[in-house]
Amino acid sequence: MLDLENDLNERQLEAVRQVDGPVLVIAGAGSGKTRVITYRVAHLVAHCGVAPWRILAVTFTNKAAREMRQRIGGLLLGRGQDCWVATFHATCAKLLRLHADLARVDKNFTIYDDGDQKAMVARCLKALNIDDKKFPARAVQSEINRAKREFISADAYPRDNLYQEQIQRVYALYEAQMQKAAALDFADLLFRMVRGMQENEDLLQAVSERFDYILADEFQDTNRVQLEFIRLLAQRHGNICVVGDDDQSIYSWRGANVENILGFETHFPSAFVVTMDRNYRSTSNILNAAHGVVAELPNRRPKTLWTSIEAGDPIGFIEAEDERDEARLVAKAVAELRDDGFPLNAQAVFYRINAQSRVFEEVFRTMDIPHRVVGGMRFYERAEIKDILSYLRLIHNTADLAAFLRVVNKPARGIGKTTVDRLIAVAAEAGISAFEAIDRASGSANIGSAGIKRLRAFRDLVVSWCAEISAGPLHLIGRILEDTGYLEALKLENTAEADARMENLNELIGSVEDFQQEAEDPSLSAFLELIALQTDVDTADFDSDAVTLMTVHAAKGLEFDVVHLTGLEEDLFPYQRSGDSFTSARAEEMDEERRLCYVAMTRARKRLLLNCARSRRLFGRTRYNPVSRFLINVPQDVMVDLTPDRPNIRPVEPFGISAPQKEPSWSPSRDTSNHTWVDRSFDQSLETSGLCPGQKVRNAKFGVGKVVAVRPGPRPKVDVMFPGYGKKTIMADFLEADV
DNA sequence: TATGATTCCATTTTT
DNA sequence: TGGAATCATA
């Protein structure tokens with residue numbers, strides 16, 4: 001089962017066996033990163049006598065945590081279930097609850113998601129009479145989050161100018177409101193944990209005593225607070241192992257600090273560093289192409305990925321007329337590659353921004369190519385799901401203002417905006433929650449008697465559910481749907497949309513059933529915690545027979561046999577917001593775009609197709625941008641121009657995805673009238689007459705081979721058998737008779 | 001209080 | 001271009 005020597009290469013082995021002290025594993029794309037982490041944990045438990053619960057492995061996503069846990073479980077045959085494998089946020093949430101007193105947080109805190117947070121900020125802006133044109137809630141929100149990432153509390157927030165003064169006021173009120181709602185936002189989970197450990201020796205001790213070995217995945221994505229968190233956890237014993245790849249750092253805009261990995265040795269001076277540069281995923285052509293892009297970076301840990309996989313097919317380049325044409329050509333390539341033995345679920349289409357997806361969806365739909373778009377509306381963000389969850393949150397913590405506001409008039413029960421506003425005013429005056437204020441409201445007049453009556457009915461409803469809290473979340477959801485008439489209202493609507501909503505509610509109920517059966521603690525609060533941190537539903541199945549469409553960011557960590565990378569034009573990829581330019585101050589942004597491109601390319605196992613368009617309609621404007629600088633960085637000798645109807649301008653070999661007999665009859669915009677070079681291709685057809693089966697020919701890339709068949713046409717191609725490469729279809733232009 | 005008109009804006013996204 | 005968010009109106 002656990003055979004280190006057999007299952008790991010030398011570098012991986014080093015990384016796994018260096019058990020004590022700080023270890024930095026630079027894990028190049030496709031070099032077996034997860035394997036190292038999971039084997040390391042298994043090794044600690046199986047061979048070093050470490051108790052599983054003394055090990056903490058932190059990840060960024062739930063998905064990564066789940067996979068890791070599964071693989072560790074597989075290696076240890078079930079033992080290892082007791083390891084802490086969780087996201088940074090889930091880890092902190094759990095530790096905060098376990099040590100709520102020391103950390104000075106409410107034990108029953110509610111976790112506010114992004115939307116809740118934004119709404120709270122918006123209310124604060126309004127309460128302070130701050131112009132939300134000058135201070136958009138979204139911007140203030142991200143400023144507060146930035147501050148929390150950098151350990152700046154509301155009190156400590158600078159007030160050097162008017163702008164900061166206003167932000168500070170909002171920040172302070174926001175914190176007060178959050179306190180009152182017994183809520184923590186995502187940033188708080190880390191900030192409160194880390195600040196608590198910094199300021200409170202007892203908390204630091206209590207928490208760090210739990211673990212003897214710390215591991216962190218995707219270390220290049222960590223921010224300052226996260227670095228500090230693991231540093232504090234490891235300071236007692238120094239056993240910290242981080243794994244990551246500086247070349248894949250693509251989240252600096254979210255606070256990730258590449259310096260964490262680039263300067264690891266300054267944070268942990270005695271660190272043992274292993275660089276894993278053997279790639280097990282891609283052909284060497286793909287690695288060469290990707291390396292061409294990333295080699296330009298100024299600050300990186302130098303490494304060149306290598307592989308023992310064959311060179312493989314060249315990288316395809318296709319230049320389309322416009323974005324529609326691009327989508328059609330991609331669709332055509334997808335279909336041909338499918339016939340060539342790459343099923344749809346082995347292929348993916350990547351784009352830089354979501355706005356590009358629409359054309360692909362349209363074209364794929366009209367061409368009847370099954371596809372799935374990753375990254376649309378998320379399950380837990382759907383209105384009906386948020387409604388029901390808000391009811392549950394309110395039951396769990398009646399002070400939860402975001403939840404209260406969401407459901408107090410849902411479904412409509414005649415509690416209008418003014419009534420709610422006045423109720424909140426009463427609450428603010430009395431220093432109590434809005435929910436509690438319902439009791440006081442009657443005395444404080446200015447709320448209409450009808451409003452009071454309805455509010456009380458609402459309160460009674462919630463109170464009656466609270467009495468049944470121990471019956472569990474499933475029961476409560478049933479009561480909510482029934483007692484509020486929520487389900488009834490949906491049924492009456494009798495529209496397709498309402499049906500879809502009920503379907504979603506059923507799915508929610510299904511997941512609650514699973515939860516109650518499987519969780520060791522099936523309580524409402526445990527359920528809410530899970531949901532709050534489980535923002536994605538991993539129903540994204542990559543198994544069904546469909547092409548995957550997604551942004552490059554979403555592709556990180558995945559791999560596909562075939563990758564179609566699209567929109568490779570300046571200003572789109574690398575992306576540049578209209579207006580500003582990549583000045584030296586923005587050089588890091590340019591670097592990040594470059595790494596992003598690298599990430600995209602290294603997702604491909606066997607074939608990589610690079611697409612761009614001469615013109616592109618985006619945001620209502622047509623742009624004519626030159627091809628991406630990243631395309632120019634791809635070494636010419638691994639690339640082939642596959643643009644239809646064009647004589648090759650590049651000295652490279654085609655491969656068989658655009659055989660002449662499959663000319664795009666469905667593609668009106670590819671009408672020859674646009675293409676001035678068509679006449680020349682007619683001449684070329686005459687030139688092939690010199691070739692016939694059996695003849696020996698020479699090609700720059702594959703060397704000498706024997707002609708198997710000649711396919712005449714406007715762009716004649718020849719099937720040639722090359723020793724060592726097999727049969728290749730090549731344009732006649734790129735062959736010469738061998739003497 | 002719900003709906004339609006209007007305006008504004010425009011990466012990437014996890015927790 | 002299109003969507004979301006805000007505003008105006010019945």
Side-chain angles (χ1 to χ4, degrees), chain A residues 58-65 86-94 111-119 122 132-133 136-139 142 145 148-149 184-191 193 217-218 221-223 225-226 249-256 323-324 350-359 362 374-378 380-381 409-420 529-538 550-557 567 571-580 586 589-590 592-593 595-597 599-600 616-623:
Chain A
V58 280
T59 63
F60 272 87
T61 65
N62 293 302
K63 190 169 157 241
T87 63
F88 275 100
H89 296 265
T91 305
C92 289
K94 195 163 175 191
I111 298 169
Y112 271 21
D113 69 16
D114 215 50
D116 297 327
Q117 185 186 32
K118 189 177 158 208
D132 60 359
K133 288 277 183 315
R138 188 83 197 74
S142 66
N145 287 335
K148 288 181 178 179
R149 282 202 300 264
L184 296 182
D185 59 43
F186 287 138
D188 281 332
L189 294 175
L190 281 144
F191 179 44
M193 186 74 245
D217 186 22
E218 302 282 15
D221 289 339
T222 50
N223 61 31
V225 186
Q226 287 158 337
S249 164
I250 57 173
Y251 284 116
S252 74
W253 51 275
R254 213 158 72 182
E323 76 282 353
R324 275 206 89 71
F350 296 165
Y351 34 80
R352 176 66 243 267
I353 62 173
N354 286 119
Q356 290 170 259
S357 75
R358 243 194 63 235
V359 194
E362 281 169 16
V374 173
M377 181 65 148
R378 277 183 270 152
Y380 292 112
E381 275 167 16
N409 194 33
K410 202 165 288 178
R413 46 173 78 88
I415 302 173
K417 197 172 170 319
T418 37
T419 306
V420 174
E529 169 126 352
L530 183 79
I531 295 304
L533 296 171
Q534 188 91 49
T535 50
D536 64 329
V537 193
D538 51 301
M550 60 181 151
T551 64
V552 178
H553 280 93
K556 200 179 101 173
D571 291 2
L572 180 60
F573 200 0
Y575 187 84
Q576 197 173 11
R577 283 146 80 166
S578 53
D580 49 28
R586 296 184 176 264
E589 291 177 32
M590 185 68 235
E592 186 147 315
E593 294 290 314
R595 293 191 292 265
L596 192 55
C597 184
V599 168
R616 176 177 302 273
R617 202 162 170 72
L618 195 65
F619 301 140
R621 290 167 54 103
T622 304
R623 320 175 177 201

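Just so it is clear: chains get the letters A, B, ... in the order the sequence lines come, proteins before strands, and each one is counted from 1.
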> What are the 5'-most and 3'-most nucleotides of DNA chain C lying under 4.0 Å from any heavy atom of chain A?
C/dT1 to C/dG2

> B/dT14 P sits how many Å from A/Q117 CD, rounded?
16 Å

> Closest nucleotide of DNA chain B for A/L189 versus for A/K417: which of these residues is on the 5' side?
A/K417

> Round to a whole Å and report the spacing from CG of A/L530 to C1' of B/dT15.
13 Å

> Please enumerate all residues that pass side chain to side chain contact (heavy atoms under 4.5 Å, CB included) together with A/R617, with sequence neighbours excluded.
A/E323, A/T622

> Indicate syn or anti for B/dT11, taking the glycosidic torsion and treating anything within 90° of 0 as syn.
syn

> Decide, yes or no, whether a salt bridge links A/D188 with A/K148 under the criterion of side-chain N to carboxylate O below 4.0 Å.
yes

> Taking the side chain as everything from C-beta on, heavy atoms only, tell me whether A/Y575 gets closer than 4.5 Å to A/I353.
yes

> CZ of A/R149 versus P of B/dT15: gap in Å, rounded?
16 Å

> How far, in whole Å, is B/dT12 from C/dA5 if one measures between their P atoms?
15 Å

> Rounding to the closest angstrom, what is the interatomic distance between B/dT13 and C/dA4 at atom P?
15 Å

> Using a 4.0 Å cut-off on protein heavy atoms (strictly under), produce a 5'-to-3' string for nucleotides 6-13 of chain B with B for base contact, S for backbone-only sugar-phosphate contact, and - for none.
----BBBB

> Under a 3.5 Å threshold, yes or no: a donor from one side chain and an acceptor from the other, between A/Q226 and A/D221?
no

> Taking the same atom, C1', in B/dT14 and in C/dG3, what whole-Å distance lies between them?
23 Å

> Run the side chain to side chain contact (heavy atoms under 4.5 Å, CB included) test against A/T419 and tell me which residues pass, sequence neighbours left out.
A/I415, A/I447, A/L455

> Please name all residues satisfying salt bridge (Lys or Arg N to Asp or Glu O under 4.0 Å) with A/R616, sequence neighbours left out, ordered by chain then number.
A/E326, A/E569

> Could you pull out all residues at least two apart from A/K118 that satisfy salt bridge (Lys or Arg N to Asp or Glu O under 4.0 Å)?
none

> Closer than 4.0 angstrom, basic N to acidic O: yes or no for A/E529 and A/K94?
no

> Is the NZ or CZ atom of A/R254 positioned over A/Y251's six-membered ring, under 6.0 angstrom from the centre and within 45° of the axis?
yes

> For A/N62 and B/dT14, is the shortest distance between a side-chain N/O and OP1 or OP2 below 4.0 Å?
no

